[in-house]
Amino acid sequence: MPIPEAAGMTRRERYEQKQRLKSLIIAAASTICVVAALVIIVPMTPGWEKVQKSFFNGEVLAKTFPKLLDAFMVNVMIFAWSAPAIAILGLLIALARDAKSPALFPLRIFGAAFTDVFRGVPVILTVYLIGFGIPGLGLPRPWNSPFIWGSLALVLTYSAYVAEIFRAGIDSVHPSQRAAALSLGLSERQVMRDVVLPQAIRNVVPSQMNMLIALQKDVSLLSFIGPVEIFRQAGVFKSLFANFTPYVGAAIIFLIVTIPATRYADYLMARQMRERS
Amino acid sequence: MHKIELHKVVKRFGQNTVCDGVDLTVEKNQMVCLIGASGAGKSTLLRCINLLEPIEDGEIFLDGEDISIPGLNPQRVRAKIGMVFQNFNLFPHMTAYENAILAPRRVHGLSKLQLQSEIEALFERFELADRMHNYPDQLSGGQQQRVAIVRALAMKPEVMLFDEITSALDPQLVGDVLDVLLKLKSQGMTMVLATHEMGFARQAADKVCFLKDGKIIEEGTSKQVFDAPKKSETKAFLARAFK
């Protein structure tokens, strides 16, 4: 294939341009083949028309989408109060697990037990046990709200994971930073607060972003104990219209939020890799 | 009374004896250079003096006070002894200025306002005034090391320990940092250096100690040690160092 030769290009640049063009053509051709196969073959399947009607029904989507968005605000709300609570509790658990003083030994044991238990149980089980169990004690309103206990279940589970990430972050700060801070006469506590933690937290921001994204999705698990959030609302519409399109609508709403967030987390991760190398 | 006195100091890491009964005295206003091959125990000795490493046996005295008593709160001692490290160890999330002001604020309980003119003067004294508000990664190695010295001086220490502070620098930046040491010496700072800069030690040290396998094999004025070493180990080391 003739390549337009810009004046003054080196042998290397010409070669690389040729390679780039080649990969571009191959990528385009392969993408076209796959898309064409999907577009031609999928509609040829015997059940396609039915599936299209019950999952990709434009009319149902238009009718339910605004209500689904409203219901999504419930997810956002639960997310908005759970996330800060998780950050704080996670950090406290991480610090408890690193406590050195013998008086704090029970705290260390508690931290270890906490992370073991809540990382070891499926989220949905924790949501069920806490969400149904605690209101079962016969608490008066508003303390029997599934919002409170469901959120607590999420907070407990996610704190366990978040604590482990914070601990990895604390370990990632080089011991020489501690030595330098101690040599200046700072106490262990001051070293942790002023020198180690700020660096540790910065190091784990990308990983914690991924936890936030996972939390945003897991808020839907609360639908099993009552709150009418988006997944539950979609279920209501499914029954009402005898059609699965509301689920697809819900998925679209999640993706609108999570794809940018995921891309951003990946970007942060990539930037950190660059800084470290 | 000696400023610092080490008496039969022993430091072990597991089975490995790194300091093997070290006796050393440092007088006020003196610059003492520890020389010797890597692994001879120079850095560990400095870390022991600053109580960053607990010692297994022996005593360390500062102004006649035993600071090596097990269980002693090390903070008060460390506040009097500044230390500068080979790899600078600046706090990367703080500007040069914030690095310097942190410890005086936290340890001496002084306010930012009370410290401002003093800390700024320190940066000016070491020709870093225009770099004061830069982060460490915006500074050259030589500048970072000078900031680390300023950070230690901000605590107004009575003694400064320098752990091979020029070893991680490009050769053309070494001079700047050594000039700082000469400046401190002329102002009467008591200093202990672990160093591979033989030319500098020869020119500036009041006392030179040659370490091998965790022991001080030979010590004396720089003239005695460099020009007329008595021990064969010292001769062999210097012959290699000045080759």
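A, B, ... follow the sequence lines: proteins, then strands. Residue 1 opens every chain.
Of the two parts of Arg202(A), only the side chain, counted from C-beta on, holds a non-hydrogen atom closer than 4.5 Å to a non-hydrogen atom of chain B. Residue contact with chain B, scored on non-hydrogen atoms closer than 4.5 Å, involves the backbone and the side chain of Gln177(A) alike. Neither the backbone nor the side chain of Arg76(B) comes within less than 4.5 Å of any heavy atom of chain A. Proximity to chain A (any heavy atom under 4.5 Å) is restricted, for Phe85(B), to the side chain, taken from C-beta onward. Both the backbone and the side chain of Met83(B) come within contact range of chain A, each with at least one heavy atom under 4.5 Å from a heavy atom of that chain. Only the side chain of Arg193(A) comes within contact range of chain B, judged by heavy atoms closer than 4.5 Å. Using a 4.5 Å cut-off between heavy atoms, Leu90(B) touches chain A through its backbone atoms (N, CA, C, O) alone.
Scanning all heavy atoms of the two residues, the minimum distance from Ala152(B) to Leu184(A) falls at CA-CD2, 4.1 Å.
Note on Val107(B), Val77(B), Asn87(B), Leu161(B): by heavy-atom pairs under 4.5 Å with chain A, the leading option is Val107(B). Residue with the most contacts toward chain A among Ala148(B), Pro92(B), Pro157(B): Pro92(B) (heavy-atom pairs, distance under 4.5 Å).
Taking CZ of Arg151(B) as the start and OG of Ser183(A) as the end, the distance is 6.5 Å to the nearest 0.5 Å. To the nearest 0.5 Å, atoms CG (Leu102(B)) and CD (Gln190(A)) are separated by 8.0 Å. To the nearest 0.5 Å, atom CD of residue Gln75(B) and atom CG of residue Leu186(A) are 8.0 Å apart.
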